[in-house]
Protein chains: 2
Amino acid sequence: MKLSTRGRYAVMAMADMAQQVSAGAPSPLRLGAIATRQEISLAYLEQIFSDLRRHGLVQSTRGAHGGYSLAKDATEINVSDIVLAVDEPLDVTRCRQSGACMSNHVRCLTHDLWDNLGRQIETYLQSVSLADVIAGDKVEPKIGGEHNAHLS
Amino acid sequence: MKLSTRGRYAVMAMADMAQQVSAGAPSPLRLGAIATRQEISLAYLEQIFSDLRRHGLVQSTRGAHGGYSLAKDATEINVSDIVLAVDEPLDVTRCRQSGACMSNHVRCLTHDLWDNLGRQIETYLQSVSLADVIAGDKVEPKIGGEHNAHLS
DNA sequence: TCTAATCTTGACTTATTTAGTCGGGATTGG
DNA sequence: CCAATCCCGACTAAATAAGTCAAGATTAGA
C-alpha cells in the first residue's frame with residue numbers, strides 16, 4: 001500500500017464528488033470543476049480518474065454535459081479502494097514467495113514486520129468510507145488513545 | 001512518518017545487532033560485519049548509523065576493534081524510534097497550523113484522515129520493540145483478523 | 001611509534017519515482 | 001457543425017532516495 005500525493009488527490013476528488021452529490025449537484029460532475037475546487041491540475045486528475053474508472057469506482061459520461069459520477073453509494077466506497085486503484089499494488093518482496101528464506105533470519109523478520117504494517121494500514125483505510133470522510137467520522141485529529149477504537 | 005528503504009535498513013541493522021548481542025557476540029559490533037550479513041552497502045550503512053548515533057540509539061567506539069553497540073536494551077528500543085531517527089520528521093502540512101482552514105472543507109477532511117493514519121502507523125511501530133522483532137512477536141504475517149489485537 | 005582497523009564527514013553521482021504537461025483524438029448535446 | 005467533455009499515450013521536469021567516494025580522526029596492538 002503506497003501512500004502518495006496521487007492517492008491523496010484521488011481521495012480528495014472522490015470526497016469532493018460525494019459532497020457535491022449530497023449537496024444536490026446534478027450528475028455527472030465535470031472534472032474541470034473538481035480540479036478547480038480541489039486545486040489539482042486537470043490533466044493530472046484525468047489520469048487519476050482513468051484509473052478510478054478502470055477499477056469501477058466511477059462511471060464516465062462522454063461528450064458535452066458529460067462527466068463522472070460515483071459508481072456506488074458513498075457508504076459503499078472506502079478509502080482503501082481508492083488508494084489501491086490509483087497507486088500500483090504493493091510489490092510483494094521475493095523473500096516470501098520464493099520458499100522459506102532460511103538464510104538471514106533478521107531480514108525476514110523485518111520483512112514480516114513491514115508486511116504486517118502494510119496490512120494494518122490497509123485495514124484502517126478499509127474501515128473508512130467516503131461517507132465517513134465527508135462527515136468527518138473516523139478522521140478526528142485527536143492525540144489521545146481513543147483514535148484506535150475503530151481498529152479493534 | 002516516512003517508510004523508506006533507508007528506514008527498513010536501519011531496522012534490519014539494529015535487529016541484527018540485537019540478535020548478535022543476544023547470541024553472545026562481543027561488543028562493540030563492526031559495521032562491516034553487519035553490512036555483509038544484511039547485504040547493505042557499508043558506506044550507506046555508515047550514513048545511517050551516523051543518524052542513529054546522533055539520536056542516541058547506538059554508541060560508537062572508534063579506532064581498531066571499534067564498532068557500534070546498542071545504547072539501550074533491545075526491549076527499550078522501538079521501531080518507531082529507529083525510523084524517525086533516520087528518516088526526516090514528517091512535515092506538518094500548513095493547513096492546520098495556519099488557522100481554521102475554512103475554505104475548502106474536503107481538503108481538510110482528507111488531510112485529517114492522512115494525519116490520523118500517520119498517527120496509527122506511529123502507534124503501531126511504537127508498540128514493537130527490537131526484542132519483539134528478533135523474537136518474531138507482533139510481526140506474524142497472519143491474514144486473519146487477530147493481527148490487530150495489540151493495537152487496541 | 002607505526003600500522004591496520006574502524007568510525008566520521010561531507011560532497012558528489014546515479015537511479016528511481018512522482019508529479020505534471022502536452023497534443024491530439026473520440027464522443028455527444030445542442 | 002461546434003463546443004464541451006472524456007480519453008489516451010508519450011513526454012518532461014522535479015523531487016527523492018540510494019549509493020559512492022575521498023579524505024580524515026581515533027584507537028589497539030605490534
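Order of the sequence lines sets the chain letters (A, B, ...), proteins ahead of strands, with each chain counted from 1. When reading the values below, keep in mind they use all heavy atoms of this one structure, side chains included, and skip hydrogens, waters and symmetry mates.
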Chemist: Over all strands shown, is A/Gly63 touching base, sugar-phosphate only, or nothing at heavy-atom distances under 4.0 angstrom?
Modeler: base

Chemist: When you check the gap from the basic side-chain N to the acidic O, do B/Arg107 and A/Asp16 get nearer than 4.0 Å?
Modeler: no

Chemist: Rounded to whole angstroms, how far apart are CG on A/Leu3 and P on D/dT16?
Modeler: 16 Å

Chemist: In whole Å, I'd like the distance from the CD atom of A/Glu46 to the C1' atom of C/dG25.
Modeler: 12 Å

Chemist: Assess whether side-chain contact (heavy atoms from CB on, under 4.5 Å) is satisfied between B/Leu57 and B/Leu70, documenting all intermediate values.
Modeler: CA-CA 6 Å; B/Leu57 296 176; B/Leu70 296 178; over 6 Å; no

Chemist: Taking CD from A/Gln59 and C1' from D/dT5, how many angstroms apart are they, rounded to a whole number?
Modeler: 17 Å

Chemist: Once you round it to whole Å, what is the distance between P of C/dA5 and CG of B/Leu29?
Modeler: 18 Å

Chemist: Would B/Ser4 and B/Arg8 count as having a side-chain donor-acceptor pair, cut-off 3.5 Å?
Modeler: no

Chemist: So what does A/Gly67 touch, heavy atoms closer than 4.0 Å: a base, only the sugar-phosphate, or nothing?
Modeler: sugar-phosphate

Chemist: Any side-chain N or O of B/Thr5 below 4.0 angstrom from OP1/OP2 of D/dA18?
Modeler: yes

Chemist: Nearest to the A/His65 side chain among C/dA19, D/dT20, C/dG29, which nucleotide is it?
Modeler: C/dG29

Chemist: Could you please name the option among D/dA3, C/dG20, C/dT8 that lies closest to any side-chain atom of A/Ala64?
Modeler: D/dA3

Chemist: Of the options D/dG29, D/dC6, C/dG20, whose atoms approach the side-chain atoms of A/Ser41 most closely?
Modeler: C/dG20

Chemist: Regarding A/Asn78 and A/Ser129, is there a side-chain donor-to-acceptor distance under 3.5 Å anywhere?
Modeler: no

Chemist: Judged by each residue's nearest nucleotide on DNA chain C, which is more toward the 5′ side, B/Arg62 or B/Gln47?
Modeler: B/Arg62

Chemist: Starting at atom CD of A/Glu39, determine the distance to atom P of C/dA19, rounded to an integer number of angstrom.
Modeler: 17 Å

Chemist: C/dG10 P sits how many Å from B/Tyr44 OH, rounded?
Modeler: 17 Å

Chemist: Does C/dT8 have its OP1 or OP2 closer than 4.0 Å to a side-chain nitrogen or oxygen of B/Tyr68?
Modeler: yes

Chemist: Between D/dG19 and B/Tyr9, is there an OP1 or OP2 to side-chain N/O distance shorter than 4.0 Å?
Modeler: yes

Chemist: Using only side-chain N and O atoms of B/Arg30, determine if any of them is under 4.0 Å from OP1 or OP2 of C/dT6.
Modeler: yes

Chemist: Can you find a side chain N or O atom of B/Lys2 that sits less than 4.0 Å from OP1 or OP2 on D/dA17?
Modeler: yes

Chemist: Quick one: do the A/Thr123 and A/Arg119 side chains pair a donor with an acceptor below 3.5 Å?
Modeler: no

Chemist: From the options D/dA18, C/dC22, D/dC8, select the nucleotide whose nearest atom is closest to the side chain of A/Arg54.
Modeler: D/dC8

Chemist: Roughly, in whole Å, what's the span from CZ in A/Arg8 to P in C/dT18?
Modeler: 12 Å

Chemist: To the nearest Å, give me how far apart CG (B/Asp51) and P (D/dA18) are.
Modeler: 13 Å

Chemist: Is the phosphate of C/dC7 approached by B/Ser50 (side-chain N or O, under 4.0 Å from OP1 or OP2)?
Modeler: no

Chemist: How would you label the contact of A/Phe49 with the nucleic acid (heavy atoms, under 4.0 Å): base, sugar-phosphate, or nothing?
Modeler: nothing

Chemist: Between A/Arg53 and D/dC8, does any side-chain N or O lie under 4.0 Å from OP1 or OP2?
Modeler: yes

Chemist: Can you label the angle between the B/Tyr44 ring and the B/Tyr9 ring as parallel, tilted or perpendicular, going by 30° and 60°?
Modeler: perpendicular

